[in-house]
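Here's the structure we're looking at; comments come further down.
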Amino acid sequence: MLAVQADGHEVTTVEALASADGELSIVQQAFRDAHGLQCGFCTPGFVVTLTSFLRDHPEPTDDEIRSALSGNLCRCTGYQGILKAARLAADAGRRP
Amino acid sequence: MRGRATGGRFVGQRVPRHEDVRFITGTGQYVDDVVLRGTLHVAFARSDAARGRLTAVDTKAAADLPGVVAVLTAADLNHLVREWWTDFEGPNGQSRQFRLFADGDVRFVGEAVAMVVAESRYIAEDAVELVEIDIEPETPVVDPGHAATAVAPPVHPELGSNVLLELPPVENPAVESAFSSAPHVFTETFHQHRYACVPMETRGILASWDAAGRELTVWVSTQGQFAAQGLIGRVLGIPEAQIRVIMPDVGGAFGQKMFPHPEELAVAFATRQLGRPVKWIEDRRENLLCGEHAREDRATISFAVDDQGAILAAKADFLESAGAFPVAGGSALLLTTSIFPGPYRIAAAAGSGKTVYTNTTGRGSYRGPWMIETVARELMIDHVARILGVDPLEMRRRNVVREADLPYTMATGLVYDQMTAAATLEQAAELIGYDELRSRQAEQRAEGRLVGIGMSLLAEPSAVAFGWFSSDAAVVRIGLHGRVDVLTTAASHGQSLETTIAQVAADELGVDVADVRVIQGDTAVTPFGPGTGGSRSAVVVAGAARGAAQEVRAKLLHIAAHRLEAAVEDLVIEDGRIHVTGTPTRATTVAEIARLAYLDIAALPPDQGPGLEAQYRYSPRDKFTWSNACHMCTCEVDPVTGAVTLLRYVVSEDCGVMINPSVVEGQIAGGVVQGVGGTLLEHFVYDEDGNPLTTTFMDYLLPTATEVPVIEYGHIETPAPTNPGGHKGMGEGGAIASPPAVINAVADALAPLGADQSRVGVAEYIADRLVFVAAAT
Ligand code: FES
């Protein structure tokens, strides 16, 4: 998304996801638990994309997760940990 | 063999990463996040011709644009550079061609011609458009095969030839006699196309010259602050002591950031000339265009083979394209020619090769820079197996180095003190269900499906320990409140060393891993060392941290023994508590001892001085610490579109004692996907005039989450004898062994079509097959 496309919209970035006392969001925690990052450069993008995707698709299939994340690139992880984190977060989010 | 040698409380565990929290909350600090007041910004004007005379560079209009502070070119800066060798090369590095800016001519598309320094990046970019560059184009040399010939135009006219390095074939009687008497002799040439590191964070630097203090401070996206310090000092003629290099968080490198390039060096010049901080953050197009390339190789392999498929002798001749200005270590020829026999019993072997300049972007050291030797050898083994009608797994079984052969001396002279290639081969075959896959494949083929199985074996020469890479060091200090700092020479940029080194130190000290903080990346703070690259840190940095922690532990125990009136041998440290064995109530804590050590010196035993800290410098026993792995995968090729889908991907890996299996698997996964991408998607293409055709992510295709297979892991942990932790480096292997596994799988899938898999290699190999498939259907 280009900056001009966000004109007039509210933008949520990764800095807003953890609670004020530092507790990680479900998606953030899942990235840590599943070794979903290495250098961390791509991580904010993946965390935010996944957070928004899971909000709209609380019960995704693996294929849906992959395609939701296909606009973000990671050069370090081979996506293995990221896909695991996505699955963990999806399952954790479904639990009451 | 499968047991753990020295597992501790934390070593061997999947400890969550210390570095994660700042990255998942967006508080990591990469170079572009470092902001200094009054910073100027840079954009480069670059050559759009691969070779030609530079007849005019007019910077007046650019310099006149409001907000532009300076426009610098070769005329301003090139003459100031007297030395450009890196400490890795030594003064011999001066023989590698180098220049800051194009001067008189241009030698590749993307070569920097002028640098605009302005109040903002926007202004700098606008001003670049106003720099007028006149080039009279000349015919470039793009193809390395052509570059090596006498009729090729010179990439560097001041040199007599385009050959940067040549290791000519040497008469080897053992090899010749095996070739003349062997029942079968095969020769094939494999081509590997050009692809690149492509870290998500591009190159970047912020440099600030303090004229009063005569000190240069540099924040740079690098793999080693001391490598940058040495080179910047030499190029600018500033003593090292006046340069502080800080490595902030680094968003991946994969070899690209071992040493600063002309652009980063020009920024350092600019701050010194202008007296204000100067920043350059490379854009993606620049990173693809001219941020180092890799992999453009040819290999001609000959095997002398008996009727049973035993390889009696091998010859390998390599050709590398170095581009116009390769970086230090850009040629991998010395390693390629010595390790190409791999983990096989090949009694006679001879390697030769050439590295040639071409009018293209300079070659760098991408993850496993020598990997063509594994690619070509593993493709050749499948090729020969197919001709002889031997199963490729069986062919490898017949030739692989076995446990009984150890220690095994390769025909090129290098020694495997340990090597479990045979065990990884069997483990991978079992994990993937090889026999069943083969029988199922027969049925699938009968149905007309193109399903293939591919494999490769890899011996990885990790933790190089000579010259620049001889040693690493660590300072371990227990602070006043009992928390532990480990200052290391590491320069972790994704390798998780803030966690794994903490695990090692925590085990040695008997404290909680959460109480250990690893500090790196600042020439003013950490000990001197080569940085992180070459799969070294788990061996060498961990060795240093272990040694330093042991010294501190010894002192800790001495003081505690004195305090508790017990013998040192009777004490145990657990979770930060020190107590007498069997009497948990006679106890103290690490924190209490630390307080004594710093604040109550009179309470220390007479033979112990104040403080709780030690520095230890470590060099492994051997020049290489060998790890090894086997990759196996399956694929299906769509007979209509030619699309390749990877179905299963298995890696059996022996990296010795694992510090953190999640980190090991993460390194394997990242490497494998880089190799899969490099093989199936990524291809840096030049046309015949040396014009790059793939300088955006629309053309240079990186793998995404939709293309990658699920990677399955098998671990074998044979402790390395070269270092006390028993670790072996493994950071590069994933990217080395995956291309041949994938190509072999595709070739196997297409074999029923009768495709002749000789002649071509990696890129053409698959492209050819796909065209063939399309034509056949
Ligand atoms: S973790 Fe480095 S790019 Fe994704």
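The sequence lines fix the lettering, A, B, ..., with proteins before strands; numbering per chain opens at 1. Quick note: numbers below take in every heavy atom, side chains included, and nothing from hydrogens, waters or symmetry partners.
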Which one of [options] has the most heavy-atom pairs closer than 4.5 Å to chain A?
options: B:Q667, B:Q674, B:E707, B:R22; answer: B:Q674
options: B:T27, B:D249, B:V663; answer: B:V663
options: B:I668, B:V250, B:V198; answer: B:V198
options: B:G671, B:C197, B:S496; answer: B:C197

Identify the two heavy atoms, one from [X] and one from [Y], that lie closest to each other, and give their separation to 0.1 Å.
X: B:G252; Y: A:C39; result: N-CB, 3.5 Å
X: A:R66; Y: B:P709; result: NH2-C, 4.5 Å
X: A:L69; Y: B:A705; result: CB-CB, 4.2 Å

**Complete:** Bottom line for B:V672: the part with an atom under 4.5 Å from chain A's heavy atoms is neither
**Asked** Which answer fits B:Q495, side chain, backbone, both or neither, if we ask what part of it has an atom under 4.5 Å from a heavy atom of chain A?
**Response** neither
I'd like to know if the side chain of [X] and the backbone of [Y] have a donor-acceptor N/O pair within less than 3.5 Å.
X: B:R17; Y: A:Q38; value: yes
X: B:Y30; Y: A:F41; value: yes
X: A:Q28; Y: B:I24; value: yes
X: A:Y79; Y: B:T706; value: no

Should we count [atom1] of [X] as having more than 12 external heavy atoms under 6.0 Å?
X: A:D7; atom1: CG; answer: no
X: B:R285; atom1: CZ; answer: no
X: B:R517; atom1: CZ; answer: no
X: A:Q5; atom1: CD; answer: yes
X: B:F697; atom1: CZ; answer: yes

Given heavy-atom pairs under 4.5 angstrom as the criterion, report whether the side chain, backbone, both or neither of [X] touches chain B.
X: A:L83; result: side chain
X: A:S70; result: both
X: A:I82; result: neither

**Prompt:** Can you find a pair of side-chain heavy atoms, one from A:L17 and one from B:T25, that are under 4.5 Å apart?
**Reply:** no
**Message:** Are the side chains of A:L73 and B:T704 in contact, using a 4.5 Å heavy-atom criterion?
**Reply:** yes
**Message:** I'd like to know if B:E682 and A:R75 make a salt bridge, using a cut-off of under 4.0 Å between side-chain N and carboxylate O.
**Reply:** yes
**Asked** Quick one: CD on B:E665 to NZ on A:K84, what's the gap to the nearest 0.5 Å?
**Response** 6.0 Å
